[in-house]
Amino acid sequence: MSSSGYTLPVFACAAAVAALHWLRHHQSLQITTVDLIEPAEIAEIPIEQVAGISENQALGMTRSNPGDNLDLTKNTPIWAVVAWYEGDGETVIIQGGEGIGKQLNGEGKAAIYGYAQRLLTENLQRLLAPTEKIKVTIILPEGRSLAIRTSNSAFGVVEGLSLLGTTGISQPLSTPDQLSAFRADLAAKASQFSTLVFCIGENGLDLAQKLGINPAQMVKTANWLGPMLIAADVLGVKEILLFGYHGKLMKLAGGIFHTHHHLADGRREILTAHCAMLGLNSPDIQTVFHSPTAEAALKYLRSLDINTGSNWVNQIYNSIAETIDTRTQAYMDSHNEQGKTIIACGSVLFDRDRQILVKSKTGCMLLEKLC
């Protein structure tokens, strides 16, 4: 196994392959192989147990192993129920069971995203005869309890975890080894493109790709925005689009360039300061300041606009986006040997529904160029 481990979709796929094998041969597999697709590698995944539920259904069980990464899903059980079915429809139907999150903005649709859908479909279709069809139900027995410790709800996913990501290889989110890997990825992409998109996490990568941005120009930074910006400057990158969730990216407007919440979190102070600068009434400023999350503050400002016919959301978030650009430029200038960077930076912020909330002037220009 890769020392960095594998992502949840890979283990879900392995469990499904094992269950399908039981249906076909009534035999248990101890190890299944999964074509990761991204990257082009074959993974060998241990299977804990396989059982026949009925003549037409079987259950495969495995456990997540993200390698040496500090990941809350480490060792969590992953089950897949595979059942034969007849009728119209896709060859492989994938659905979420217990512990798989539901998308609030998708009318309760299971939070099983593009890469996971493709991984399961392609691996399972290869094992089916032309006339065979299956339904696959992915279950995370501990998913509901684990979700409480994640930021899933901030992105409109409730009651469980997401099968999210663009690759089968698990990457650590806060270790120096991760920064080295990200820098290597940045160097490779900077040698091909003068314009790059910095995404903090998987939600940004997923949304950017859906907007039509070339994945080869997208660089994952996790919380290492500062070091990655400096590295991009050294590598001669000309333009960077900062693309991220508003509750994370707004930290840059306060000069916070390592965005992990354990190190610094000035979101409510930053948001409140911009509200005050633009003349929001004192009682409303107090409500924003005491909001439990950035998303809750945004929701309050939106309700204020609806009820009073005001335009506070646009004013405040445009101010934040322009400040992000200004502070980012100043940050890179302060780390540039010549005292001035040649990089142009723009920002695009999205909300929990993965809808673009605001684009800075430079961000708007770069997004048009990239899409």
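Both backbone and side-chain heavy atoms feed into the values below; hydrogens, waters and symmetry mates do not.
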Main-chain N/O of Ala190 paired to Ser194 side chain as donor or acceptor, under 3.5 Å: no
Is any side-chain heavy atom of Thr328 less than 4.5 Å from a side-chain heavy atom of Leu242? yes
Ile93: which other cluster members, linking ILVMFWY side chains closer than 4.5 Å, directly or transitively? Tyr85
For the pair Glu98 and Arg144, evaluate salt bridge (charged side-chain N to carboxylate O under 4.0 Å, His left out) and give the outcome as yes or no after the intermediate values. CA-CA 8 Å; Glu98 173 61 30; Arg144 193 181 291 257; 3.1 Å; yes
Check the side chains of Asp206 and Asn203 for a donor-acceptor pair under 3.5 angstrom, ignoring hydrogens and angles. no
Which is it for Lys248 and Asn223 under the side chain to side chain contact (heavy atoms under 4.5 Å, CB included) test, yes or no, and what are the steps along the way? CA-CA 9 Å; Lys248 180 73 84 165; Asn223 292 302; 3.0 Å; yes
Any Phe257 side-chain heavy atom under 4.5 Å of Trp224 side chain: no
For Ile138 versus Ala80, what's the shortest heavy-atom pair and its separation? CD1-CB, 4.0 Å
Indicate, with yes or no, if Leu20 and Val81 share a hydrophobic cluster defined by side-chain heavy-atom contacts under 4.5 Å among Ile, Leu, Val, Met, Phe, Trp and Tyr. no
Here's a test for you: under side chain to side chain contact (heavy atoms under 4.5 Å, CB included), which of Leu271, Val313, Ile316 qualifies with Leu298? Val313
Sub-4.5 Å side-chain heavy-atom contact between Val10 and Leu8: no
Those residues at least two apart in sequence (or on a different chain) that pass ring-ring contact (aromatic ring centres under 6.0 Å, His included) with Trp84 are none
Can you tell me if Glu55 has over 12 outside heavy atoms packed within less than 6.0 Å of its CD? no
How long is the gap from NZ on Lys220 to CD1 on Ile200, to the nearest 0.5 Å? 11.0 Å
Mind checking side chain to side chain contact (heavy atoms under 4.5 Å, CB included) for Gln49 and listing every partner two or more places apart, or none if nothing turns up? Met61
One pair to check against side chain to side chain contact (heavy atoms under 4.5 Å, CB included): Val157 and Leu104. What are the steps and the verdict? CA-CA 6 Å; Val157 175; Leu104 290 178; over 6 Å; no
Which heavy atom of Ala19 sits nearest to which heavy atom of Gly60, and what is that distance? CB-N, 3.6 Å
Please, which pairs that meet side-chain hydrogen bond (donor to acceptor under 3.5 Å, both in side chains) have at least one residue in residues 297-310, sequence neighbours excluded? Asp284-Tyr300, Arg302-Asp351, Asp305-Ser310, Thr308-Ser310
If you define the side chain from C-beta out and look only at heavy atoms, does anything of Lys189 sit under 4.5 Å from Gln217? no
Can you give the donor-acceptor pairs under 3.5 Å from side chains of residues 119-130 to other protein atoms, not counting sequence neighbours?
| unit_1 | atom_1 | unit_2 | atom_2 | d |
| --- | --- | --- | --- | --- |
| Thr121 | OG1 | Gln117 | O | 2.8 |
| Glu122 | OE2 | Arg118 | NE | 3.0 |
| Asn123 | OD1 | Asp35 | N | 2.9 |
| Asn123 | ND2 | Asp35 | O | 3.1 |
| Asn123 | ND2 | Leu119 | O | 2.9 |
| Arg126 | NE | Glu122 | O | 3.3 |
| Arg126 | NH1 | Asp35 | OD2 | 3.1 |
| Arg126 | NH2 | Asp35 | OD2 | 3.1 |

Output for pair (Phe198 CZ, Leu241 CG), nearest 0.5 Å, gives 10.5 Å
If we count only N and O atoms by modelled type, under 3.5 Å, do the side chains of Lys359 and Asn318 hold a donor and an acceptor together? no
Find out whether His246 and Arg352 are in side-chain contact, i.e. whether some heavy atom of one side chain is under 4.5 Å from a heavy atom of the other. no
Test item: Gln103 side-chain N/O and Ala110 main-chain N/O as donor-acceptor pair under 3.5 Å: yes
Ala16 to Val136 - nearest heavy-atom pair and separation: CB-CG1, 4.0 Å
Side-chain heavy atoms under 4.5 angstrom apart, residues restricted to Ile, Leu, Val, Met, Phe, Trp, Tyr: same cluster for Val92 and Ile139? no
Nearest 0.5 Å, please: how far is CZ in Arg63 from OG1 in Thr73? 12.0 Å
Please check if Tyr6 and Ile47 belong to a single hydrophobic cluster, counting links between Ile, Leu, Val, Met, Phe, Trp and Tyr side chain heavy atoms closer than 4.5 Å. no
Say whether Leu249 and Val358 are linked into one hydrophobic cluster, either directly or through other cluster members, by side-chain heavy-atom distances under 4.5 angstrom. yes
If you round to the nearest 0.5 Å, how far is CD of Gln355 from CG of Leu349? 14.0 Å
Would Tyr113 and Glu202 count as having a side-chain donor-acceptor pair, cut-off 3.5 Å? no
Please tell me whether Ser360 and Glu322 have a donor and an acceptor in their side chains that are separated by less than 3.5 angstrom. no
Donor-acceptor contact present, side-chain Ser54 to main-chain Asn56, <3.5 Å: yes
Kindly work out whether a path of hydrophobic side-chain contacts (I/L/V/M/F/W/Y, heavy atoms less than 4.5 Å apart) joins Val348 to Leu366. yes
If you measure from CG on Asn314 to OG on Ser319, what distance do you get to the nearest 0.5 Å? 12.0 Å
Ignoring hydrogens, what is the shortest heavy-atom contact between Ala232 and Ile343? Give both atom names and the distance. C-CD1, 3.8 Å
Closest approach of Ala147 and Gly160, non-hydrogen atoms and distance? CB-O, 3.4 Å
Cys275 SG to Trp312 CH2 distance, which is reported to the nearest 0.5 Å: 8.0 Å
Side chain to side chain contact (heavy atoms under 4.5 Å, CB included) assessment of Leu229 paired with Cys345: CA-CA 10 Å; Leu229 286 164; Cys345 272; 4.3 Å; yes
Nearest heavy atoms of Ser191 and Ala188, plus distance in Å: OG-O, 2.6 Å
Checking Thr137 against Gln95 for the side-chain hydrogen bond (donor to acceptor under 3.5 Å, both in side chains) test, could you report, in this order, the C-alpha distance in whole Å, the side-chain angles of both residues, the deciding distance, and whether it holds? CA-CA 5 Å; Thr137 304; Gln95 49 195 20; 2.9 Å; yes
Set out, in order, the CA-CA distance, both residues' side-chain angles and the distance that settles side chain to side chain contact (heavy atoms under 4.5 Å, CB included) for His274 and Ile270, then state yes or no. CA-CA 6 Å; His274 284 267; Ile270 293 163; 4.0 Å; yes
Do the side chains of Leu36 and Thr167 get nearer than 4.5 Å, heavy atoms only? no
Tell me, which pairs form a side-chain hydrogen bond (donor to acceptor under 3.5 Å, both in side chains) where one or both residues lie in residues 22-33, sequence neighbours left out? Arg24-Glu132
Any Lys/Arg nitrogen of Glu239 or Lys369 sitting under 4.0 Å from an Asp/Glu carboxylate oxygen of the other? yes
Is there a side-chain contact between Pro215 and Met218 (heavy atoms, below 4.5 Å)? yes
Asn214 vs Gln209 side-chain heavy atoms within contact, under 4.5 Å: no
